[in-house]
There are 4 protein chains.
Amino acid sequence: MGQDASAGQPTDWRSYGPSPLPKILRGALGAFAEHGYQATSIRELATAAELSVPGLYHHYQSKQEILVSLLEIVYTELLDRSRAALASGGDDPLARFDASVESLLRFHMFRRAEAFVASTELRSLIPENRSRCVALRDEQQEILATTICDARKVYDTVTEHAGDAARALSTMCVGVATWYREDGPLSPDEIVKRYLGFARGLIGAAGQG
Amino acid sequence: MGQDASAGQPTDWRSYGPSPLPKILRGALGAFAEHGYQATSIRELATAAELSVPGLYHHYQSKQEILVSLLEIVYTELLDRSRAALASGGDDPLARFDASVESLLRFHMFRRAEAFVASTELRSLIPENRSRCVALRDEQQEILATTICDARKVYDTVTEHAGDAARALSTMCVGVATWYREDGPLSPDEIVKRYLGFARGLIGAAGQG
Amino acid sequence: MGQDASAGQPTDWRSYGPSPLPKILRGALGAFAEHGYQATSIRELATAAELSVPGLYHHYQSKQEILVSLLEIVYTELLDRSRAALASGGDDPLARFDASVESLLRFHMFRRAEAFVASTELRSLIPENRSRCVALRDEQQEILATTICDARKVYDTVTEHAGDAARALSTMCVGVATWYREDGPLSPDEIVKRYLGFARGLIGAAGQG
Amino acid sequence: MGQDASAGQPTDWRSYGPSPLPKILRGALGAFAEHGYQATSIRELATAAELSVPGLYHHYQSKQEILVSLLEIVYTELLDRSRAALASGGDDPLARFDASVESLLRFHMFRRAEAFVASTELRSLIPENRSRCVALRDEQQEILATTICDARKVYDTVTEHAGDAARALSTMCVGVATWYREDGPLSPDEIVKRYLGFARGLIGAAGQG
DNA sequence: GATGAATGAGATTTCATTCAT
DNA sequence: GATGAATGAAATCTCATTCAT
């Protein structure tokens, strides 16, 4: 109850299949991750999508539209998973906090390129598109701030500055996308473990739970 | 008392005057911060430097050279200040840790644009230039890792994974450059205070010192 | 009495119903009138015709074919009406001249867009198509030249240079399509009256008839 | 006195040297006259100017700017010559009328391509540029209307509709640019003579002077 | 060092047209 | 006839860079 899939949402926020991006966006993702949006030409995007240049324009009106489409999908998936994680934490504030952080971490490992591009290329969006994506990102961050606040209440540490802590914590987790490699020395589970330690310490809830 | 200048290094790692960049690099910094390296044209750089285009080429051989010159200066200043901060901490491991973090934070506030461009445009360097800059950055991070390790030894928390913690901590502090504004609601001192709290918690040394 | 239809020709060269163009050509006419042939895309033509792009190609083999089809219809209608007008003038040379001019004028008011496009886009036709249309136009102009010549004979003014006069006169009437508006200050009848005055003066037959 | 050149104005409105256009505009003129503005590519313009494409952009910011620059020069020369012609007519209304018409005619013969492009490509200007050129053209036409009015007063023909007559007359003269060839059967002087006949007839002042 | 002029290469985008369904 | 997808060619324009003066 409550964990059954509703309307195509990911049933399990911990499980990651292959990225569900359409071919063009998958190709664009790779190129943007490698050289950045500005340094990626339409030709590269077309090649990556195994299309001619006008073929690409048949699906998207502009390079900018490709970027927004990609980022909206990414931020939406992140938000969906964050919500699912939050819900899975039940009533225990610390469990909810842990789940939120873990979700953020896993996303930045299993959707490494997506997350990396989403954070580095926000600046490449035109204002209108950017604000839509920033809204999604902020909503996600708000979840984190709330769980921090709640967790701190229970363990009677300071409950102030939850927003600052959320931003710091978020930055820390987002940074994982910068260096994580599937074939690196640490397994995702191990990374989650270590970072959860960092995270609890950061909010002043270490040693508990 | 420990503040004596050594070899032209900044006497006080806490004090920031105006950025000592040559005019061309100062202009480039602004442009790169605003639009990114790729999206900035040589003409914009020349205009920002109040120079003609060939005049600019008189000083730097290429756009790439402008970027690498800028980033080397920035990373070098950061490293110098980190070393000075470290030294100012004397023999107390926790003081050394605090100083390292504080130095990192202050740099990302008072050299906001510099730090932002240095981290976002590393990718725009050609491999050879990039590795030189990465080496400087890594050296700075190594300082942090060492202080973490030392601090933990004293407070008998885990001494493993200091590298991970250093990376996480570093990411967190670097992120400050993304949002800090001189006219924002928080003073630099206040930010330092809060983040030092986060930092100590993160490495498991909260409540001490 | 002289108004009997011959071979589907318009009975009355003075009366104008809605333009009898097929839908595709009507749409093309509007687009060509507004932006010109070169600046009009096949997609615009398809949209204007409420057809898909391949649907449009089902009817016409190319953009060029659309243009030539349109222009041939227009020049043919103009020629037909000129002939009808001429015939309606009976044996009176001046009446024949007046009718020719009036017909030309009315066509350039009531088939304003058609006439405008026909004259401005002749140059956009490939040579083969152009020569067919030019032949039709020249035939029309020849009618005018003949009536000028005949009218002058009667009123013993110079009968030379009828070709020049025809061209000048024709240009003058064609120009009406450039500025005439249905909701303008002058009624078609009023315009005809004034221009007939100009025309008679031009050929040296003023004050007569 | 009065015929000496003042400030670079053409001393004699009847005499035409080679067109004083800068090389780029001269090349553009030829191309626009041949294929029209829309059908002329930047590459053709560059080739005609014996420049590379970016070389062309060094001098003009856009294709549109090339067109306006050209048209403004053309309309300005036409207006200057019209004023000079008017002045040369002294106090005699008919002489002033004749001079105005003759000036218009000569311009459309000796600046054939210029005049042709100026009239056919007005529509290719963006509104702002168009209105500037239209203002120049209208001023020229206003001169014609005034002379018509004055001439008619003297010969007690109708003085109404001078604006209509000016437009009709102007159109007629402009049309000369469509067909005039230097190596054609008629000399400029001969054409002027015939068209002056047409013009006087058109305004109802034939047989006089 | 400033200036004006120039360029090869390449950017994004649009074109007319076609084909399988 | 409609549709969606595709493409080679070409459009306008900008880039980093260079050179003579």
Side-chain angles (χ1 to χ4, degrees), chain A residues 22-24 35 37-47 49-67 124, chain B residues 23-24 28 35 37-47 49-67 124, chain C residues 23-24 28 35 37-47 49-67 124, chain D residues 22-24 35 37-47 49-67 124:
Chain A
K23 190 169 189 180
I24 293 180
H35 321 111
Y37 174 78
Q38 291 273 4
T40 301
S41 77
I42 284 281
R43 255 183 187 81
E44 288 175 79
L45 295 180
T47 302
E50 295 181 284
L51 272 173
S52 67
V53 168
L56 198 155
Y57 274 95
H58 179 72
H59 298 274
Y60 295 91
Q61 287 187 5
S62 67
K63 197 181 160 188
Q64 172 77 198
E65 196 185 286
I66 292 177
L67 182 61
S124 303
Chain B
K23 191 168 188 180
I24 293 181
H35 320 111
Y37 173 78
Q38 289 275 359
T40 302
S41 75
I42 283 278
R43 259 175 186 84
E44 286 177 80
L45 295 180
T47 302
E50 295 181 280
L51 242 54
S52 68
V53 169
L56 196 153
Y57 274 97
H58 182 79
H59 296 277
Y60 296 91
Q61 286 187 6
S62 67
K63 196 180 161 189
Q64 173 76 201
E65 197 185 284
I66 292 176
L67 181 61
S124 302
Chain C
K23 190 168 190 181
I24 293 180
H35 320 110
Y37 174 78
Q38 289 274 359
T40 302
S41 75
I42 282 278
R43 259 174 186 83
E44 286 176 79
L45 295 180
T47 301
E50 296 181 281
L51 242 52
S52 67
V53 169
L56 195 152
Y57 275 97
H58 182 80
H59 297 275
Y60 296 91
Q61 286 186 8
S62 67
K63 196 180 160 188
Q64 172 76 201
E65 198 185 285
I66 292 176
L67 182 61
S124 303
Chain D
K23 190 169 189 181
I24 293 180
H35 321 111
Y37 174 78
Q38 290 274 4
T40 302
S41 77
I42 285 281
R43 254 183 189 78
E44 287 176 79
L45 295 180
T47 302
E50 295 181 284
L51 273 173
S52 66
V53 169
L56 198 155
Y57 275 96
H58 179 73
H59 297 274
Y60 296 91
Q61 286 186 8
S62 66
K63 196 181 159 187
Q64 172 76 200
E65 196 186 285
I66 292 177
L67 183 61
S124 302

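Naming convention: chains lettered A, B, ... in sequence-line order (proteins, then strands); numbering from 1 in each chain. The figures here come from the full heavy-atom set of this structure, side chains too, leaving out hydrogens, waters and symmetry mates.
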Checklist entry - So, does Glu50(C) use its side chain to make a donor-acceptor pair with the main chain of Ile24(C) at under 3.5 Å? => result no

Could you state the atom-to-atom distance from [atom1] of [X] to [atom2] of [N] in whole Å?
X        : N       : atom1 : atom2 : value
Arg43(B) : dA16(F) : CZ    : P     : 9 Å
Leu45(D) : dT12(F) : CG    : P     : 8 Å
Glu50(A) : dT7(F)  : CD    : P     : 11 Å
Leu51(B) : dT3(E)  : CG    : P     : 8 Å
Leu56(D) : dA5(E)  : CG    : C1'   : 12 Å

Checklist entry - Would you say Tyr37(C) and Lys63(C) make side-chain contact, with heavy atoms under 4.5 Å? => result yes

Distance-minimising heavy-atom pair for [X] and [Y]:
X        : Y        : value
Ile66(B) : Ala28(B) : CG2-CB, 3.7 Å
Glu65(A) : His59(A) : OE2-O, 4.1 Å
Ser62(A) : Tyr57(A) : CA-CE2, 4.0 Å
Gln38(A) : Ala39(B) : NE2-CB, 3.3 Å

Next on the checklist: If you assign Ser41(B) and Lys63(D) each to the DNA chain F nucleotide with the nearest heavy atom, which residue ends up on the more 5' nucleotide?
Outcome noted: Lys63(D)

Checklist outcome for this item: When both distances are under 3.5 Å in a Watson-Crick or G-U wobble arrangement, the nucleotide paired with dT17(E) is dA6(F)

Checklist outcome for this item: Between Gly55(B) and Gln64(C), whichever has its closest DNA chain E nucleotide further toward 5' is Gly55(B)

Next on the checklist: If you assign each of His58(B) and Ile42(A) to its closest nucleotide in DNA chain E, which residue comes earlier from the 5' end?
Outcome noted: His58(B)

Next on the checklist: For dA6(F) and His59(A) - does any side-chain N or O of the residue sit under 4.0 Å from the phosphate oxygens OP1/OP2?
Outcome noted: yes

All N/O pairs under 3.5 Å across the protein-nucleotides 18-21 of chain E interface:
none

Checklist outcome for this item: By side-chain contact (heavy atoms from CB on, under 4.5 Å), Thr40(C) pairs with (sequence neighbours left out) Ala31(C), Phe32(C), His35(C), Glu44(C), Leu45(C)

Next on the checklist: Under 4.0 Å, counting only non-hydrogen atoms across every strand here, what does Ser52(B) touch: a base, just sugar-phosphate, or nothing?
Outcome noted: base

